Amino acid sequence: MWLYNICIVVYAALIRLVSPLYPKARKWCDGRRDMPERLRSSIVKGEDVVWVHVASLGDFEQGRPVVDYIKESYPNYKILLTFFSPSGYEVRKNYKNADYVFYIPVDTKRKVAQFLDIVEPKVAIFVKYEFWLNMLMELRRRNIRTFIVSAIFRRNSIFFNPFGAIWRRALGAFETLFVQDEHSKQLLSNIGVTNVVVAGDTRFDRVANIAESAERVAVVEAFKGNKSLFVAGSTWGADEKILLPLIKANPDVKFVIAPHEMEESRIEYILRETRAVRYTQCEGVDFTDKQVLVLDTVGLLSHVYGSADWAYIGGGFGVGIHNTLEAVVYGLPVAFGRKYKKYKEACDLIELGVAQSVRDERSLQRWFAEVQDATLRAKIGSIARQYVNANRGTTERFVETIFRH
């Protein structure tokens, strides 16, 4: 444990050291400055607080259905939503269904104790991957009901490593672990963790709700016109590298590219290399001669997929693919890069024939040629929608289990 504590202190010090040079690091530090005072001035003593913690914006999409369901079904509780990363906090710091939105404190014993002294949560809910040792052990010491939802475990995880004893002990903080699949349950059983429920993934509920209530984005519909539309979501530079040849090879198809991060140099590159226009600068633009719409804003992608005929999901040539379900819920055939195997839904979708992993621009173009067939796309659409519907209901099962205990 001493080594973990040293690493946490060193990590926080390094973030502070580089913060003048990196905007993300600066936001990480600024968001935690004077946090105890801001918490005290916000949270009223005696309130019944449910604390929901997510790492980033992506994980927020898994935690969001939980927050929304609690807010609607148990309005007497106040909801504290915390983030680790600025990518989530900056976008969702004013989220309407959370009463309070903050960063999680740096995981030192002193800061953890201070945080819990102020918040005094009745229930703590972690989403998917978040395991902060000092926080979990302090929650356990204080007998605060603690859960994790949509968790997924893999054999190579530190919990199953011979040197992972301290991490295995931290799992004892959870009253119940709600996992995505039977494999995770079996792995936990092998190390003696049996308070496990296979409940699925809350993102299915989220994307299904979006699709049922989604309104088409007027600008995207005008851009599409009577053409077919290909949407590439959450892309990185490596994704755009293989997408540009596809765009040039299909001049009669319209494309929307939604970069994961709004790096000006990458957006300018797309604008130079294609007949493109920015979403934020397209007022009054005649789209007749424009083939690419760069979605240089946030919060619209899940709705934009509703106008698409095909989709590409970015991140597969980096740390891992982004959310495939946002596209699949509309019955779209999807493609993505090589790094997808740690995502259960991506593996499921490949097995079902809904998705395809591509290695390079040639394999992307081969896939695109195959899914031109309207009959095949209709079949894929039916399978995709059945898959999403079969996996709904995780949020209700999870929340009702913990609140009716």
Side-chain angles (χ1 to χ4, degrees), residues 1-19 24-57 59-60 63 66-67 70 77-90 92-95 97-149 166-167 169-175 402:
M1 191 69 184
W2 60 270
L3 180 59
Y4 172 84
N5 287 327
I6 290 173
C7 289
I8 290 293
V9 171
V10 170
Y11 177 81
L14 288 173
I15 293 290
R16 287 192 294 271
L17 183 65
V18 303
S19 62
K24 266 192 171 182
R26 185 162 58 250
K27 289 176 181 177
W28 192 94
C29 295
D30 290 347
R32 289 169 169 81
R33 187 170 291 117
D34 302 322
M35 200 171 83
E37 290 73 18
R38 289 186 288 115
L39 278 168
R40 287 192 188 95
S41 66
S42 300
I43 297 177
V44 178
K45 281 291 184 183
E47 289 181 334
D48 288 335
V49 175
V50 175
W51 171 32
V52 180
H53 174 66
V54 301
S56 62
L57 184 59
D59 290 341
F60 170 76
V66 173
V67 172
I70 294 171
Y77 284 87
K78 297 292 185 178
I79 299 173
L80 167 65
L81 174 66
T82 62
F83 291 88
F84 174 77
S85 166
S87 72
Y89 177 83
E90 291 298 324
R92 295 301 182 187
K93 58 187 175 183
N94 296 314
Y95 185 57
N97 280 347
D99 297 283
Y100 316 109
V101 183
F102 284 86
Y103 282 94
I104 193 172
V106 176
D107 196 44
T108 64
K109 290 183 178 180
R110 183 179 67 83
K111 291 184 182 297
V112 162
Q114 188 178 49
F115 175 83
L116 293 178
D117 284 344
I118 298 168
V119 175
E120 296 182 330
K122 299 295 183 183
V123 177
I125 300 169
F126 292 79
V127 176
K128 196 173 182 180
Y129 289 137
E130 287 293 270
F131 302 97
W132 296 104
L133 298 188
N134 283 315
M135 182 64 77
L136 289 174
M137 290 179 179
E138 186 63 14
L139 286 166
R140 182 178 186 179
R141 190 186 71 80
R142 297 183 184 216
N143 293 316
I144 294 172
R145 299 184 70 206
T146 303
F147 303 87
I148 190 164
V149 63
I166 190 67
W167 294 89
R169 192 172 68 174
L171 294 177
F174 296 111
E175 182 176 316
I402 66 173

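Quick caveat, the model's predicted, so the values are computed rather than measured. Both backbone and side-chain heavy atoms feed into the values below; hydrogens, waters and symmetry mates do not.
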When you measure from the side chain of S87 to the backbone N and O of S85, does any donor-acceptor pair fall under 3.5 Å? no
Correct closest heavy-atom pair for V106 and A12 would be CG1-CB, 4.1 Å
Pairwise side-chain contact, V101 with T82, heavy-atom cut-off 4.5 Å (strictly under): no
Should R142 and E120 count as an ion pair when the cut-off is N to O under 4.0 Å? no
Heavy atoms of other groups near K111 NZ, more than 12 under 6.0 Å: no
When rounded to the nearest 0.5 angstrom, what distance separates CD1 in I70 from CD1 in I402? 5.5 Å
Taking the side chain as everything from C-beta on, heavy atoms only, tell me whether M35 gets closer than 4.5 Å to P105. yes
Minimum heavy-atom separation for I79 and V67, please, with both atom names. CD1-O, 3.5 Å
So, do V123 and I125 sit near enough that their side-chain heavy atoms are less than 4.5 Å apart? yes
Drop me the distance from I15's CD1 to R26's CZ, to the nearest 0.5 angstrom. 12.5 Å
Taken to the nearest 0.5 Å, the spacing of K109 NZ from M1 CE works out to 6.0 Å
Using modelled atom types and a 3.5 Å cut-off, is there a donor and acceptor pairing between side-chain atoms of D59 and backbone atoms of V54? no
Is R38 reaching over with its side chain to a backbone N or O of R33, donor-acceptor style, under 3.5 angstrom? yes
Report the C-alpha separation of W167 and Y4 in whole Å, then their side-chain angles, then the decisive distance to 0.1 Å, and conclude whether the side chain to side chain contact (heavy atoms under 4.5 Å, CB included) test is met. CA-CA 10 Å; W167 294 89; Y4 172 84; 4.0 Å; yes
Return the NZ to NZ distance between K78 and K122, rounded to the nearest 0.5 Å. 14.5 Å
Determine, for D30 against K27, whether the closest basic-nitrogen to carboxylate-oxygen distance falls under 4.0 angstrom. no
Calculate, to the nearest 0.5 Å, the distance between atoms CG and CD1 belonging to L171 and I166 respectively. 11.0 Å
Using side chain to side chain contact (heavy atoms under 4.5 Å, CB included), reason through T108 and I8 one step at a time and then give a plain yes or no. CA-CA 7 Å; T108 64; I8 290 293; 4.0 Å; yes
What's the verdict on ring-ring contact (aromatic ring centres under 6.0 Å, His included) for F115 and W51, showing C-alpha distance, side-chain angles and the deciding distance? CA-CA 11 Å; F115 175 83; W51 171 32; 4.9 Å; yes
Less than 6.0 angstrom from the centroid, inside 45 degrees of the normal: does R32 satisfy that with respect to the ring of F84? yes
Would a 4.5 Å heavy-atom cut-off, applied to side chains only, mark V127 and I148 as touching? no
I want to check something: taking the side chain as every heavy atom from C-beta on, are I118 and P36 in contact at a cut-off of under 4.5 Å? yes
Can you name the residues that form a side chain to side chain donor-acceptor pair (under 3.5 Å) with W28, not counting sequence neighbours? none
Quick one: OG1 on T146 to CZ on F126, what's the gap to the nearest 0.5 Å? 6.5 Å
Quick one: side chains of residues 129-137, donor-acceptor pairs under 3.5 Å with protein atoms, not counting sequence neighbours, listed by atom name and distance.
{"unit_1": "Y129", "atom_1": "OH", "unit_2": "R154", "atom_2": "NH1", "d": "3.3"}
{"unit_1": "Y129", "atom_1": "OH", "unit_2": "R154", "atom_2": "NH2", "d": "3.0"}
{"unit_1": "E130", "atom_1": "OE1", "unit_2": "H53", "atom_2": "NE2", "d": "2.7"}
{"unit_1": "E130", "atom_1": "OE1", "unit_2": "W132", "atom_2": "NE1", "d": "2.8"}
{"unit_1": "N134", "atom_1": "ND2", "unit_2": "N5", "atom_2": "OD1", "d": "2.8"}
{"unit_1": "N134", "atom_1": "ND2", "unit_2": "D107", "atom_2": "O", "d": "2.8"}

Does the ring center of F83 lie less than 6.0 Å from the ring center of Y103? no
